[in-house]
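Single-structure report; data block below.
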Amino acid sequence: KGVAETTAISSSLQAQVKDMMDEYDKALSVGEGAADDPIEHMLLFAKEINIQNADKTALSRQDILRILVALRYNSLETGIYLHVAMLNHADVPNCVKFKSSGLSEVRAIRDIQPGESLTISYLPQLLSHATRRYQLWHHHRFDIGATIPTTKVFLYEMELIGNRFPTSSIICKDGNNDNSIQYHIEATITELEEELREIILHGTQQKDGSSVTLPTEELERAKALEMAVGELCHTAEQQLQNDRYILLLPCRQLHLHACDLVLQQQQSIGLSTMQHMALFGRLIATCLHLWQLQENVYGPDHFNLAQTFMELYQAVEQVLSTNANFLTSTTLHDTIPSGIVQWLDTKHTPRLSTMSLSTISAWASLEHFSRTQHQRIKALYPRDAGQYLQQK
């Protein structure tokens, strides 16, 4: 009884909501009462099927706009969810929303302290700060600001281009020359991701979803895609002058998927032994770089790391069993940035003895470590929400 029973909204927030409704109204309509005005169609439909306000009054244009604005600025990639919509956005969230059939499943991706807010990312993929700022303003109506707080040093450093933090704007996505590099890379990633999806659609997927068999006409296309994504990773690092730039994570993630797709076709793609080893080398180099980037952004327990560790230990295991000397060759080591090897050496523990990956035993240690990390992280995400709800 001591809590005031009110849902009063501040005048500044009321003004912001009105501006949002007016802007949306302008974007949707060509003039109130026009024959092709979608809001007028909604009002007529509501009247036909007797949809009213809670107080039994007829819906007005403002009522429809308020609902549409609520849907627009609270929906996520797969829809709008009443409970998930209560979670705030964070560039480095402590939870993740899974795309589950019929369910909106949210799980913690790191330890959460008592009293700490639960957060997710409102964006479906990793983007540069400038693009995140623009999209979050236009799709969710809040501004993350022109820079990143100094408390998030690792994230700030992952946004630097040539030791400089790029400018950004909520008004214009590509109006700044400063942002031309990252926007070009983001556009190229999107284009190549679509190319990968198209190639996979032409294939036959196994019942368990573990692999795809491509028709003959798609084999060369898959090989060309893997080379193109690998070249994008290399070119992006050079242009950005930052081997930890945040967009390199989706670049490397895409390259991992492209390598994996080609390796699934090894029975029919006709790679020579040397080409086969070179492909494994590129995959291993990508996994090592991706491990570093993912751990920087997500921490050590994120489920995406489980797949990276799985791809890494499977590739190393395959090479150990067929051509172990390749792992200590200059052919492989020239593809692994020296910074990655130095980073691995800092992770030297009794469970992981890398020794700069200069010996076969060091690679065997890495294979064992990756396998156990995959099993550990996978166990953290049982994906049993449906079963749990049925029991309830």
Side-chain angles (χ1 to χ4, degrees), residues 76-77 87-97 106-113 116-140 142-170 173 176 178-186 189-190 233 236-254 256 286 288-308 337 339-340 342-344 346-347 377:
L76 298 174
E77 185 184 17
L87 301 178
N88 285 331
H89 167 86
D91 284 339
V92 186
N94 53 31
C95 296
V96 66
K97 177 185 175 296
V106 175
R107 288 189 180 272
I109 55 176
R110 63 172 173 80
D111 291 340
I112 299 173
Q113 300 302 314
E116 183 182 356
S117 296
L118 302 180
T119 57
I120 58 173
S121 173
Y122 287 177
L123 301 173
Q125 70 272 1
L126 278 178
L127 300 165
S128 66
H129 175 269
T131 304
R132 292 199 306 276
R133 187 183 184 194
Y134 175 85
Q135 289 198 4
L136 287 169
W137 173 258
H138 284 271
H139 296 299
H140 299 283
F142 64 87
D143 185 10
I144 60 174
T147 188
I148 293 175
T150 54
T151 52
K152 300 177 181 177
V153 176
F154 71 95
L155 189 59
Y156 178 86
E157 291 176 347
M158 292 185 77
E159 295 282 357
L160 297 178
I161 299 179
N163 294 318
R164 187 170 58 87
F165 197 93
T167 58
S168 61
S169 169
I170 62 171
K173 180 178 178 181
N176 275 306
D178 291 341
N179 295 322
S180 59
I181 296 175
Q182 63 261 41
Y183 286 142
H184 174 72
I185 293 171
E186 285 170 341
I189 291 172
T190 300
C233 294
E237 281 189 44
Q238 290 184 324
Q239 291 181 339
L240 296 164
Q241 302 173 53
N242 182 355
D243 63 4
R244 296 190 186 186
Y245 190 76
I246 195 164
L247 289 181
L248 293 176
L249 198 159
C251 272
R252 288 294 183 181
Q253 190 90 50
L254 179 58
L256 184 151
T286 276
L288 291 173
H289 196 187
L290 192 55
W291 172 9
Q292 181 194 41
L293 293 167
Q294 288 174 330
E295 201 164 281
N296 278 351
V297 175
Y298 302 132
D301 300 325
H302 196 277
F303 62 91
N304 279 349
L305 267 166
Q307 181 179 4
T308 301
I340 302 296
Q342 293 168 4
W343 175 77
L344 276 173
T346 67
K347 301 183 74 62
I377 298 171

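We count residues from 1, following the sequence as given. All values below come from the heavy atoms of this structure, side chains included, with hydrogens, waters and symmetry mates left out.
A donor-acceptor pair under 3.5 Å is absent between the side-chain atoms of His302 and the main chain of Ile377, judged by distance alone. At least one donor-acceptor pair closer than 3.5 Å links the side chain of Glu186 to the backbone N or O of Ser128. Panel note: side chain Asp243, backbone Leu248; no donor-acceptor pair is recorded below 3.5 Å.
From Thr308, atom OG1 reaches atom CG of Leu293 across 9.5 Å, with rounding to the nearest 0.5 Å. Rounding to the nearest 0.5 Å gives a distance of 10.5 Å between OH of Tyr156 and NE2 of His129. The line from CG of Asp111 to CG of Asp301 is 7.0 Å long, rounded to the nearest 0.5 Å. Going from atom CD of Gln253 over to atom CD1 of Ile189 covers 11.0 Å, rounded to the nearest 0.5 Å. The distance from atom CD of Gln125 to atom CG of Leu123, rounded to the nearest 0.5 Å, is 7.0 Å. Between the CH2 atom in Trp291 and the CD1 atom in Ile340 there is a gap of 10.5 Å [rounded to 0.5 Å].
When every heavy atom of Gly145 is checked against every heavy atom of Ser168, the shortest pair comes out as O-OG, 4.3 Å. Smallest separation of non-hydrogen atoms from Gln307 and Leu256: NE2-CD2, 4.0 Å. Among all heavy-atom pairs drawn from Leu118 and Ile112, the shortest one is CD2-CD1, 3.6 Å. Of all heavy-atom pairs between Ile185 and Cys251, the closest is CG2-SG, 4.2 Å. Residues Tyr298 and Leu126 approach most closely at OH-CD1, 3.5 Å, considering heavy atoms. Minimum interatomic distance between Ser117 and Asn94 (heavy atoms only, all atoms of both residues): O-ND2, 2.8 Å.
Contact annotation: the side chain of Asn88 never approaches that of Phe142 to less than 4.5 Å [non-hydrogen atoms, C-beta and beyond]. Contact of the Arg244 side chain with the Glu157 side chain is not registered, since no non-hydrogen atoms from C-beta on lie closer than 4.5 Å. Looking at Leu155 and Ile246, their side chains come closer than 4.5 Å, going by heavy atoms from C-beta outward. Within the 4.5 Å cutoff, no side-chain heavy atoms of Leu288 are placed close to those of Trp343. At a threshold of 4.5 Å between non-hydrogen side-chain atoms, the residues Cys95 and Arg107 do not count as touching.
Salt bridge status for Asp91 with Arg132: present, with a side-chain N to carboxylate O gap under 4.0 Å.
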Original post:
Glu159 and Tyr245: side chain to side chain contact (heavy atoms under 4.5 Å, CB included), yes or no, with the steps?
Top reply: CA-CA 6 Å; Glu159 295 282 357; Tyr245 190 76; 3.8 Å; yes
Original post:
Can you check side chain to side chain contact (heavy atoms under 4.5 Å, CB included) on Ile148 and Phe165, steps first, answer last?
Top reply: CA-CA 9 Å; Ile148 293 175; Phe165 197 93; 3.9 Å; yes
**OP:** Mind running side chain to side chain contact (heavy atoms under 4.5 Å, CB included) on Asp143 and Arg133 for me, showing each step along the way?
**Re:** CA-CA 6 Å; Asp143 185 10; Arg133 187 183 184 194; 2.8 Å; yes
Subject >> Derivation and outcome, side chain to side chain contact (heavy atoms under 4.5 Å, CB included), residues Glu237 and His289 >> reply: CA-CA 12 Å; Glu237 281 189 44; His289 196 187; 3.4 Å; yes
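Side chain to side chain, Thr131 and Gln182 fail the donor-acceptor criterion of an N or O pair below 3.5 Å.
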